[in-house]
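To start, I am sharing the structure in question, which I have written as structure tokens.
Because the structure is predicted, anything quoted here is derived from the model rather than measured.
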Amino acid sequence: MARSDYIFGKRNVSEILESSYNSEEEFPIQEIWIKSSPSKEIKDLLSRLPKSVKVNEVSISKLDQLSSGANHQGIVALRTLLHKGDRKSFEEHLETCKGPVLILDRIQDPGNLGNILRTAECFGVETILIPERESAGITPLVEKIASGALAYLKVFRVGNLAQVLEKLQKKGFWIASTSDKGEEDWSKLPPWEELAIIVGNEGEGAKRILLEKSDFVLRIPLHGHISSLNVTVATGIILDRLKNRA
């Protein structure tokens with residue numbers, strides 16, 4: 001059964017519209033609320049909607065209420081989620097999944113999660129795995145921070161990441177994780193498309209069992225006095241190094 005969620009922000013709504021044009025699935029937006037006297041940019045968005053979508057002009061306070069006080073930019077939409085992204089649907093997706101797969105181990109800050117999703121999509125990652133526990137969920141705030149990336153990503157919440165790694169390896173994926181005790185030589189890794197990449201928790205890194213099951217454990221070379229990076233910055237560096245290495 002489909003479920004619903006509120007999304008907000010002009011970029012998010014625009015990206016969902018864009019990604020829906022070539023989709024065979026049901027149009028995902030059910031209803032939209034906009035501020036009175038909307039801007040030209042919002043009017044342009046509305047002109048791209050199917051006639052079946054109900055549009056309501058409301059007060060700013062109503063938009064604040066729908067978006068739980070977040071920066072909605074004058075537009076909130078009720079979006080139907082056509083799948084939950086659970087373990088069963090991931091196993092079905094794995095049959096035709098194209099790499100790389102990005103595995104996020106216990107990313108708990110919504111801001112970090114949203115920015116990582118945005119970064120991953122910019123590098124061409126399509127499949128994201130997050131654990132059911134000890135992780136931020138895909139909330140409207142995360143979707144807003146992701147700036148439309150979720151319109152193009154397939155995100156799955158799974159119960160046991162260690163078991164998932166074994167399934168990925170059986171499908172031909174190589175597991176690459178990062179640790180301050182890893183190797184600095186990134187040149188011997190398999191092609192980008194054959195990788196499943198683990199990014200660990202903001203403070204503790206990836207769980208030990210995930211590192212033990214990894215085929216490669218890598219370290220980002222650092223040259224300053226501070227020995228750690230923000231997890232979003234680290235993810236960007238990891239994806240850039242793996243995708244563009246010589």
List the atom of L150, the atom of L117, and the distance in Å for their closest heavy-atom pair.
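What the structure gives for the nearest pair is CD2-CD1, 4.0 Å.
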Apply the test side chain to side chain contact (heavy atoms under 4.5 Å, CB included) to residues V217 and T178: give CA-CA distance (whole Å), side-chain angles for both, the deciding distance (0.1 Å), then the verdict.
CA-CA 5 Å; V217 180; T178 56; over 6 Å; no
For the OG atom of S135 and the CZ atom of R157, what is their distance to the nearest 0.5 Å?
5.0 Å
To the nearest 0.5 Å, tell me how far T235 OG1 sits from N230 CG.
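Going from OG1 on T235 over to CG on N230, the span is 8.0 Å.
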When clusters are formed by joining ILVMFWY residues with side-chain heavy atoms under 4.5 Å apart, either directly or through shared neighbours, do V142 and V231 land in the same one?
yes
Kindly determine whether E212 and R208 satisfy salt bridge (Lys or Arg N to Asp or Glu O under 4.0 Å), including the steps that lead there.
CA-CA 6 Å; E212 290 173 350; R208 179 175 56 83; 2.6 Å; yes
Taking every non-hydrogen atom, the tightest pair across P110 and L141:
CB-CD2, 4.3 Å
To the nearest 0.5 Å, what is the distance between NZ on K207 and OG on S177?
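Taking NZ in K207 and OG in S177, the distance rounds to 14.5 Å.
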Between E202 and R106, is the salt bridge (Lys or Arg N to Asp or Glu O under 4.0 Å) condition met? List the steps.
CA-CA 8 Å; E202 292 94 336; R106 301 170 297 152; over 6 Å; no
Does F216 reach the side chain of I175, with side-chain heavy atoms less than 4.5 Å apart?
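Result no, sub-4.5 Å side-chain heavy-atom pair not found.
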Does some side-chain heavy atom of I103 sit less than 4.5 Å from a side-chain heavy atom of I197?
no
Any chance you could lay out the side chain to side chain contact (heavy atoms under 4.5 Å, CB included) test for Y6 and W33, step after step, and finish with the verdict?
CA-CA 10 Å; Y6 288 103; W33 293 261; 3.7 Å; yes
Is any side-chain N of the basic residue among D44 and K40 closer than 4.0 Å to the acidic one's carboxylate O?
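Salt bridge flag = yes for K40 with D44.
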Contact summary for I60 and H72, nearest pair of heavy atoms
O-NE2, 4.0 Å
I need the minimum non-hydrogen distance between I107 and L113, along with the two atoms involved.
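It is CG2-N, 3.9 Å.
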Take L49 and L46, measure what side chain to side chain contact (heavy atoms under 4.5 Å, CB included) needs, and give me the verdict at the end.
CA-CA 5 Å; L49 289 172; L46 298 181; 3.7 Å; yes
Given V76, L63, V55, the one that forms side chain to side chain contact (heavy atoms under 4.5 Å, CB included) with I34
V55
I want to check something: taking the side chain as every heavy atom from C-beta on, are L222 and I220 in contact at a cut-off of under 4.5 Å?
yes
Intermediate values then yes/no, salt bridge (Lys or Arg N to Asp or Glu O under 4.0 Å), E91 and K167:
CA-CA 9 Å; E91 290 176 357; K167 292 179 180 180; 2.4 Å; yes
Count the heavy atoms belonging to other residues, nucleotides or ligands that lie under 6.0 Å from NZ of K54, then report whether that count exceeds 12.
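12 or below, so no.
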Distance in Å, E41 CD paired with I75 CD1, rounded so as to fall on 0.5 Å steps:
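Nearest 0.5 Å value for the CD-CD1 distance: 9.5 Å.
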Return yes when atom CH2 of W174 has more than 12 non-hydrogen atoms of other residues, nucleotides or ligands closer than 6.0 Å, and no otherwise.
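No, the 6.0 Å shell around CH2 holds no more than 12 heavy atoms from other groups.
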Can a donor-acceptor pair be found, under 3.5 Å and without considering hydrogens, that links the side chain of S68 to the backbone of D64?
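It does not hold such a pair.
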Between R219 and E183 (salt bridge meaning N to carboxylate O under 4.0 Å), is one present in this structure?
no
Considering residues at least two apart in sequence or located in another chain, which fulfil the side chain to side chain donor-acceptor pair (under 3.5 Å) criterion with N71?
none
Of all the heavy-atom pairs spanning L104 and P131, show the shortest one and how long it is.
O-CD, 3.0 Å
Search all heavy atoms of R48 against all heavy atoms of E18 and return the closest pair with its distance.
NH2-OE1, 3.6 Å
Solution key, residues 118-130 side-chain donor-acceptor pairs under 3.5 Å, sequence neighbours excluded:
{"unit_1": "R118", "atom_1": "NH1", "unit_2": "S147", "atom_2": "OG", "d": "3.2"}
{"unit_1": "T119", "atom_1": "OG1", "unit_2": "N115", "atom_2": "O", "d": "2.9"}
{"unit_1": "T127", "atom_1": "OG1", "unit_2": "H93", "atom_2": "NE2", "d": "2.8"}

